[in-house]
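Single-structure report; data block below.
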Amino acid sequence: MSLLIENVAIAPVAGPEVGSGYIRIDGDRITELGAGPAPDVPGAGRIDGTGCLATPGLVNTHHHLYQWASQGLAQDATLFEWLVALYQVWAAMDAEVVKGAASAGLGWLALSGCTTSSDHHYIFPKGRGDLFAAGIEAAREIGIRFHPARGSMDRGESQGGLPPDSVVEELDDILAATAEAVDAYHDPSFSSMLRVVVAPCSPFSASAELMTESAALARAKGVRLHTHLAETLDEDEHCLAQFGLRPVDYMEKLGWLGPDVWFAHTVHLSDADIGKLAATGTGSAHCPSSNGRLGAGIARVSEMLRHGANVGLGVDGSASSELTPLAGEMRQTLLFQRARYGPDALTARQALELATLGGARNLGRENEIGTLEPGKLADVALWRVDGPFTAAVADPVCALVFGPPPPLARVLVGGRIVVEDGELKTVSQDAAGRAGVEAGRRLLRLAEERGVHAVKEVHHG
Ligand SMILES: [Zn+2]
C-alpha cells in the first residue's frame with residue numbers, strides 16, 4: 001500500500017528543507033521525498049498537506065505514565081519533598097490505575113506529535129497485578145512505539161535511601177522480573193513497536209549493586225540502560241555524602257557511562273561531567289517543564305550540544321510536569337537556553353532536532369526514526385501552520401517552535417494514521433481521557449484505604 005503526502009512543507013531534520021513537496025510512503029517506510037508535485041503512483045492513498053509542515057514524529061525519552069493519576073499534588077515542593085510525599089500515594093497503585101493513566105498519557109503524547117515514547121516505571125507494589133504489562137497494553141491500543149523501562153528501587157530509608165522501605169523491592173526479585181520483562185516483550189527488529197529498557201530509578205533509591213547488576217543484565221540481553229541523574233543539588237549532596245562522589249563520577253565508577261545509556265535530567269553538570277558524557281556517547285533526556293516545576297534548575301543543553309553530547313527531550317511524569325505537551329518542550333527548551341545563555345544559544349531547528357533525532361539517539365534508534373529520509377520508518381507529524389494566527393509566521397519551523405504547538409493534521413506511525421485533524425483515530429479520545437480521570441480517582445481511593453489522605457496531606461508538599 002502506497003501513501004502520498006503532497007503539497008507539504010518538509011523539515012526532515014536530515015537534509016535540505018522543502019518549501020512545497022511530497023513524501024511517499026510504502027508499507028511502514030518512507031521511500032521517497034522531495035520538492036514539487038508528487039509522482040503518479042497508481043492506487044496510492046493521498047493526503048493533501050497544503051498549509052502543513054511535515055516533521056519527523058517527536059520522540060519522548062523520559063516519562064512515568066502512572067503519574068497521570070497523581071497530578072496537582074505537592075505543588076510547591078522540592079524534588080525530594082515531592083517524592084517523599086508521593087511515594088506513599090504511588091504505593092497504592094494497581095494495574096488498573098497504570099492502564100488508565102497510560103491510556104490518557106500516551107493519548108496526550110500522540111496528540112502533541114509524539115510517535116515514540118519511553119516510560120520509566122519503578123514502583124511495583126506486590127499483589128497489585130501486572131503493572132508492566134498494563135502500560136504495554138495501553139501503548140498497543142494507542143499505536144505509538146513504546147520503550148518501557150523496567151525500573152526498580154532497592155535502597156529504602158533503612159539503607160540510607162530516600163523512599164520508604166515499603167515501596168522498594170529485593171535485588172534478586174528485581175533482576176528476575178527485569179530479565180523476564182525483556183524476554184517477554186523486547187523486539188529488536190527495525191520496525192519494532194516495543195523495546196524494553198533496564199532502569200534502576202536513581203542513585204538515591206537504587207544500591208550500587210543494583211546499578212552494576214542491572215548494567216550487566218542489560219548488556220547481556222542487548223538492551224539499553226536509563227536512570228535519573230544530576231537532577232537537583234540535593235542529589236549532588238546526597239551522592240557526595242553517601243558515596244564520596246558527585247553523580248556522574250559515581251556512574252562512571254559503576255560502569256554506567258556509555259553509548260547504551262541515557263540519563264534523565266542531567267541539570268547539574270560540571271565541565272568535566274559534560275566532557276565525560278560526550279566522550280562516552282552517553283545521552284541525556286532534557287525535561288525543562290519538570291525542572292521548572294520542581295525548581296531543579298536549567299540544564300546546560302547548549303553547552304552539552306557544543307561539546308558533542310547527545311540530548312533528547314522528555315516530558316517527565318505528569319505529577320511533576322502536569323499536562324505538558326511534548327511539542328511544547330521544544331519551546332520551553334529554546335526559552336530556557338536563551339534566558340540562560342542569550343539569543344544565539346539554541347535555534348528553532350536545533351530544538352526540533354532535539355525532539356526528534358536527539359530522542360532517537362537516546363533510544364538507539366537513529367537509523368530507524370528521528371528524521372524523514374528514504375528507508376526510515378514512516379513516523380511523521382503534520383502540523384497545521386496555516387491557521388488564522390499561525391499563518392502570520394512565514395517560517396513554518398519558527399511557527400512550530402517559537403509559538404504554542406500548532407494543531408495536528410495527521411500523526412503517522414509506520415504509515416498508520418494515529419491522529420487525524422487533532423483527534424485520536426486508534427482509540428476513542430474521550431474514553432482515553434476518561435480512563436485517566438478514573439485512574440486518578442481510583443489511586444486516591446486506594447491510598448485512602450491504606451490511610452493516606454493524598455490531597456489533604458501532600459497538597460502543599
Ligand atoms: Zn523522572
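Note that ligands are numbered from 1 as they come in the structure, with each ligand's atoms numbered from 1 the same way. Values below: all heavy atoms of this structure, side chains included; hydrogens, waters and symmetry mates excluded.
- Between His120 and Tyr122, the ring planes lie perpendicular to each other; the angle is over 60°, past the 30° to 60° tilted range.
- Atom CZ of Arg338 has more than 12 neighbouring heavy atoms from other residues, nucleotides or ligands inside a 6.0 Å radius.
- Between His226 and His228, the two ring planes are tilted [angle within 30° to 60°].
- For the Zn ion (ligand 1), the set of nearby N, O or S atoms under 2.8 Å includes none belonging to His265.
- Considering the Zn ion (ligand 1) as centre, the angle to NE2 of His62 and to OD1 of Asp316 is 90° (10° rounding).
- A donor atom on one side chain and an acceptor atom on the other are not found under 3.5 Å apart for Arg224 and His147.
- Taking the Zn ion (ligand 1) as the apex, the angle formed with NE2 of His64 and NE2 of His228 is 90°, to the nearest 10 degrees.
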